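Here the structure is laid out as structure tokens; the discussion comes afterwards.
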Amino acid sequence: MKENTEVLKTLGDSILEYIKRKPAVPGAIAVTVVIAIIIGIAGGPAQVVNAIVAGGMWALLATGLTMILGVMNVPNFFHGESFMVGAYTAYFIFTPIHLYLMDNPNKFLSTIAPFAGFFAAAVIGFILGSILEKLVFYPLRSKTKERWVMNSFLLTVGVSYILSNGVNLVLGPNFRGIPRYWDVPPIKFFTIRLTVDRLFAFFLAMVVLLLLWYFMGKTRTGRAIRAVSQDEAGAAMVGININNIHTLTFSLGTSMAAIAGAALLFMFQAYPTVGLRPLYYAWYVVMLVGLGNVSAAVVGGFIVAFLQTATQQFFGIEWGEVVPTVVMMIVLIVAPSGIFGSEVKGIQEQ
Amino acid sequence: MIKSTGKASTIARTLMSRTGFSSSGIILIAILAVLPFIPPFNSEYILRWLVVGAFMAAQAVAFDLTAGFINVVNFGFAAILGVGAYTSAILANTGPHIIVQPGISPWIGIFIGAFASAFLGFILGFLTLRLRGLYAAIMAWFVGIALLGLARTLTPLTRGSLGMSPPSFFDTPSNMPYYYLALGMMITIYIVTKLVTTSHIGLAFKALGQNFDAARASGINPTFYRVFNFTLSCFFAGLLGGFYAHYFVSMTPKAIMHTSKSVETLAIAFIGGRGFLWGGIVVAFPFVFLLEYLRSALPQLPGIHIIIYGVLMILVMIYYPNGVAGFITELKKKLWRLRKPEKT
Amino acid sequence: MRKSKLVTFALVLSLLLPFSVMAGGKQEKEGAGAAETAEKVFTLGILGPFSGPSARTGKEFRSSATMAFEAIDWKIGEYTIKPVWIDSQSDPAKATQAYEQAVVQDGIQAGILNWHSSVAVACMEITAKYKVPHFFGFGATEVVNEKFHSNPDKYGYWMYKGWPTPKKLSVNYVQALEDAIEEGLWNPGEKTFAIYGEDTDWGRSFGKGIKEQLEKAGWRMVAEDYFPIEQTEFYPLLNKLKGINPALIAGTSTAPPSFSSFIKQADEVGLESLIVADGLGWVGEWYKLTGTSSNYVIDQIPGWATEAGKEFAQKFKDQFGIDPSPSSGGLSYDGTRFFIAVARKAIEEYGELSSESIYNFVKNFVWEGKWSFKDGIVMSEYAATPETVPDPVVGKGYYIFPVLQYFDGEGKIIYPPEWAVQKLQVPSK
Amino acid sequence: MLKVENVDSGYDFLQVLWGINIEINRGEFVALIGPNGAGKTTTLRTISGLLKPKGGRIFFKDELISNLPPYEITHSGLSYVSEDLNLFVNMPVYENLLMGAYIIKDEKKIKQTMEYIYELFPRLAERKKQLAGTLSGGERKMLAIARGMMSNPEMLLVDEPSLGLAPYLVRNVFDALKTLHGEGLTILLVEQNVNATLDITDRAYIIEQGKIVLSGKSKDLARNEHVQNVYLGI
């Protein structure tokens, strides 16, 4: 009994300590909760659930982005194109299976068919990430480290252009979409209706994030990634092959964006410029919570989702980009390194 | 007599060097000035490419003032250019589809537009004041997205994505007057930029760009220089925006204010060589020609020119961060070294 | 260092090379052009959204125009038709640049087709500037008509729209709904409605038109939202609408990804309102995107009225591998053939095929109602009168879209009554 | 064991080292001494692979290592404790140690080494779960040395462990190094605290302006006139 109170007390102390160190954090969370309540009153609980489901996806996207940023100091502009590649991959894997199933119904196969798409997207995203890292960022890194952040940023801009226009060239500008992954009636819950697709997209995001958390915290390689992000020279000194870790990180980040693209295919569809909005969202999150702060990106995903839902509820859908951007600008002015604090070294360079 | 010509040439040379023109620069300008009379450049469609070339070159110079000197990549450049374009276009409007019909001449509107852009640049300078490198770039990007969103949303003024058709500068289908207008703007912007950057202000820019803290410690007031830089660069952007509005006479927020437009300018400025100013000019013309040629020669490969943009940009960034201008400068130095022994 | 210098050198070379190649190449082309004039070439611009959010429609345009010209072996009289494909990218500014380039660079003598109204409005400036007659340019909204009438001598080069103003068609929805209420098929309770639509001339014009007509019939508007053309996430908007719960929501979009997402997500959030989705069926494969969520949705779409139409649809599918929709593939096929017929008549009348002869024929004959195209596969007759110009004549026997309701991907006509195969059905709540 | 042959090294355009020769045998405790900016840290960074030599060769256990990336040099049994420590500040102490053992895959062995390290540095055992960034200066030095030891190296390069430490902490650190040497570890120590260094090391090299100017037994050097004048202030 006594032990319990003591544990509680230390917990309380550490929370207080944290709040003292970063007063913006509880403020941001409090504001989000207030927004959530207002949305709930004005738009009903379904609107809140919407925001939560969307938040899961932005969290997944932003985590990939912030990981690449934290470990490699590469501010990735083609994260949206990774999303696009994932969407296309899922489409091309899922559609033939789907067509086959239309003629030969098979309950088991139709339950697992979407997974083939997700898995393929993850793998293709991973491969794409490693190829690009070796082809573009490795040469730059071995050339010069001067102005690294800015130069690598511009490289990702170039890659983004090549990818989206390359896909346009090869596959054409056509939209490729699916009606839905699982053709079952939506789940009803009070006034809330959620399709299995959306629910699963959220679920998938959470599982991937959980796996990532485990991987980063508990495995040797995951620890090596964190070590590289904290001190590159130190990591080299303990015998970590930094180049491999960079490639791995990049591939993981890209793969996560691709998974998001695959999971949201039913909503976004696949076309060459589909990645633009996801890219905006991911950057909103990352700038909001602080560059390279992986765990905070998850929280940030939900904050941004609530902000967007509130914008659409109260301002109208055409203000969807303006209001969140202005909020981000204010955040940047007030807290340049994000509300949770940046964890990136070297980003302060000129 | 000999003495006085010597003096005159010295004065000419100082003037040239002050305004940043070497003899090859003068030759280049002269060639550009007579180009519209030489076949095949005298046909209307090639003239059109030349106009676009001069327009892009001028943009690259204005962009380089921020990117190459104080080292902040202005991702909202196109959006600010768009503000100039929209201001001038709205002021010139006489049609019923926009709620105001001031009907002001484009020749006046273009300057009001430029001042509107300059004002935004002024604000952007303050917004990014405390931010370094990447943060400043992203702030500018967000400002750009917000401006684009506003231009889309304020449909009573801008007609949003429905597009606007502002009046043109000249009442002729010929591109000739536009070419000389664009060329004049390009040269003016270059001279002003060069004068500023070769003065002590330019030194302060460079110092701030290389090491913000050290520059501040040595007594350079970052507020003034940064805000001044942004204001000037955005003023030029607004001016060019006005040109866009009354030359292309059709605009939508997406077609001028999108981030991809900033990136196009960036690509030209950086392939040209950042911090050189003239690099963008040297690159812009062949670039526009290459891209337009590809677009018309390979219509079955849409967007191939943008892919080439991307690949060139990546190659230059990795293997030759000083761009074409840096390459030419180094080549010149080498030639100089080769020539020297002959002289002595 | 050495390697990097080589790379740059190659870069500079590659930059300069096309300069010279182009200068040489273009001259050659000009020479060839001079030789070709002896064979009489007519350069025709074909405008369409070949890339961008409406690329699916663009593909149908391109395919059907190709089919129409292949059928006559690209020859009208002694003229060989040289097509120049002008990509509007669904953006008026990009479209005008492309159009102007086609005029000055490729020297197009006339233009046909187009999809978006905003593109039409912007391109009217170019056709006026260069006096290029443009034919069957869709772009339905009033803004086009207003601009046309503001200065017919100048903007009259945008000669014939091929699609009447949305008001003229949307009135059918209101009529169909009012009829259903009168017959007791539908009891909406309070007559409330919400307007949605893509943020373009088209979307806003449709919204404005049907809003006025509904209000005239005693309905009350409770919400109005226009979204960017590339929007695909509608959950917050639809949830908001669900909260308001109007009896009817009506709107339109020309971008299939956006529209299908809207319909799909409306079903997902459980929106109970009856949905008018004008233009959902305008691309052949809409059902592949929406699935059963399109059940009960009301749309207006021309059918394959004639045997020739059905034949065309089959041939189209065989040749291009996609299902044409009557409203884009079909209408653009008709529009192209309308142009061919006009061109033949112009040669007959004036002895040559040129910008002027086409302009004069349309102005003197088509606009005056003296000549019309009766060989269409979608509509029975494409005509005009001095009152309707630049719109086609609307009504039975002329240009008409029946109102239909979707069930499992199939549209059942519910209006006009003489064509109706079934009555309006309302989902049981 | 370590042989540095005519090595030139430096940063981009600035050459710091000019023809450095160092030879260290197994089990030796050697010091590298010199004034600020003489090139001590540069020497260690070059040996550990963080800097590529511009000329000359480096052998470790008779194998050429000067063309290897730093992580492979670590794998070959050479461990480097840098001046700025390069700790993973957002990781707790035990994770830092685990990272030190990155090249060892045998979990059991890691555990053994860790226990041994905790014995050697009881302070670290107390602060196991504390973030490295929150440790005091002395604790950080110890953690850095401990992390360097976790890979069971055959040779340790230590850069200025006494810098910025209170005297009694310096003694702690030196004691720890002495203990490690006592157990058979080869150590190359860079120090400015010349007196104490010459006291505990076997041999020493004196480096000035990027060149080795003197070398020999530590005891002899302590009596050398030049060393006394310049470094010992006698």
Side-chain angles (χ1 to χ4, degrees), chain A residues 7 10-11 14 17-18 21-22 66-67 70-71 138 141-148 214-248 290-296 340-346, chain D residues 11-12 41 44-45 47-52 68-92 94-107 110 131-134 140 143-144 146-153 156-159:
Chain A
V7 168
T10 32
L11 193 72
S14 56
E17 163 83 9
Y18 186 70
R21 247 187 324 136
K22 289 173 179 165
T66 211
M67 220 169 80
V71 177
Y138 174 72
R141 194 149 24 94
S142 51
K143 258 312 216 226
T144 170
K145 289 225 161 189
E146 206 191 336
R147 291 188 189 168
W148 164 261
Y214 177 82
F215 171 74
M216 295 289 269
K218 307 286 176 209
T219 66
R220 180 170 168 266
T221 318
R223 266 198 294 267
I225 291 179
R226 281 194 294 143
V228 172
S229 87
Q230 288 172 30
D231 198 308
E232 226 171 84
M237 276 152 47
V238 300
I240 297 171
N241 182 344
I242 299 201
N243 287 333
N244 284 351
I245 292 294
H246 277 166
T247 310
L248 176 70
L291 303 178
N293 197 328
V294 175
S295 47
F340 290 80
S342 165
E343 282 180 7
V344 180
K345 293 223 179 92
Chain D
Y11 307 87
D12 286 340
T41 299
L44 291 198
R45 287 176 67 88
I47 297 172
S48 67
L50 292 173
L51 276 178
K52 285 269 153 286
L68 294 181
Y71 71 95
E72 281 192 28
I73 295 177
T74 310
H75 279 264
S76 68
L78 191 76
S79 192
Y80 173 43
V81 178
S82 65
E83 188 182 355
D84 28 4
L85 306 182
N86 296 101
L87 293 175
F88 309 124
V89 288
N90 285 329
M91 286 188 186
Y94 78 91
E95 272 195 341
N96 268 280
L97 293 178
L98 270 181
M99 286 320 299
Y102 182 76
I103 60 169
I104 300 170
K105 294 206 169 107
D106 183 356
E107 300 251 347
I110 296 177
L131 290 187
T134 64
R140 285 182 196 214
L143 179 57
R147 191 184 69 181
M149 287 304 299
M150 280 301 293
S151 58
N152 285 323
L156 195 63
L157 311 172
V158 188
D159 197 356

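Protein chains get the first letters and strands the later ones, always in sequence-line order, with residue 1 at the start of each. Bear in mind that the values here come from a model prediction, so they are computed numbers and not experimental data.
- Using a 4.5 Å heavy-atom cutoff, the side chains of D:Met99 and A:Ile240 are in contact.
- Within the model, atoms CG of D:Asn90 and CG of A:Asp231 stand 11.0 Å from one another, a figure rounded to the nearest 0.5 Å.
- Residue D:Ile73: no heavy atom, backbone or side chain, is found under 4.5 Å from chain A.
- Both cation-pi conditions hold for A:Arg220 and D:Tyr102: the charged atom is under 6.0 angstrom from the six-membered ring centre and inside a 45 degree cone around its axis.
- The two atoms that bring D:Ile103 and A:Val238 nearest to each other are CG2-O, 3.7 Å, heavy atoms only.
- Heavy atoms from other residues, nucleotides or ligands lying under 6.0 Å from OH of A:Tyr214 number 12 at most.
- For the set D:Met91, D:Arg45, D:His75, the entry with the most heavy-atom pairs within less than 4.5 Å of chain A is D:Met91.
- Just one residue in the list D:Ser79, D:Ser82, D:Ser48 forms a side-chain contact (heavy atoms from CB on, under 4.5 Å) with A:Met237, and that residue is D:Ser82.
- Looking at every heavy atom in both residues, D:Asn86 comes nearest to A:Ala233 through ND2-CB, 3.4 Å.
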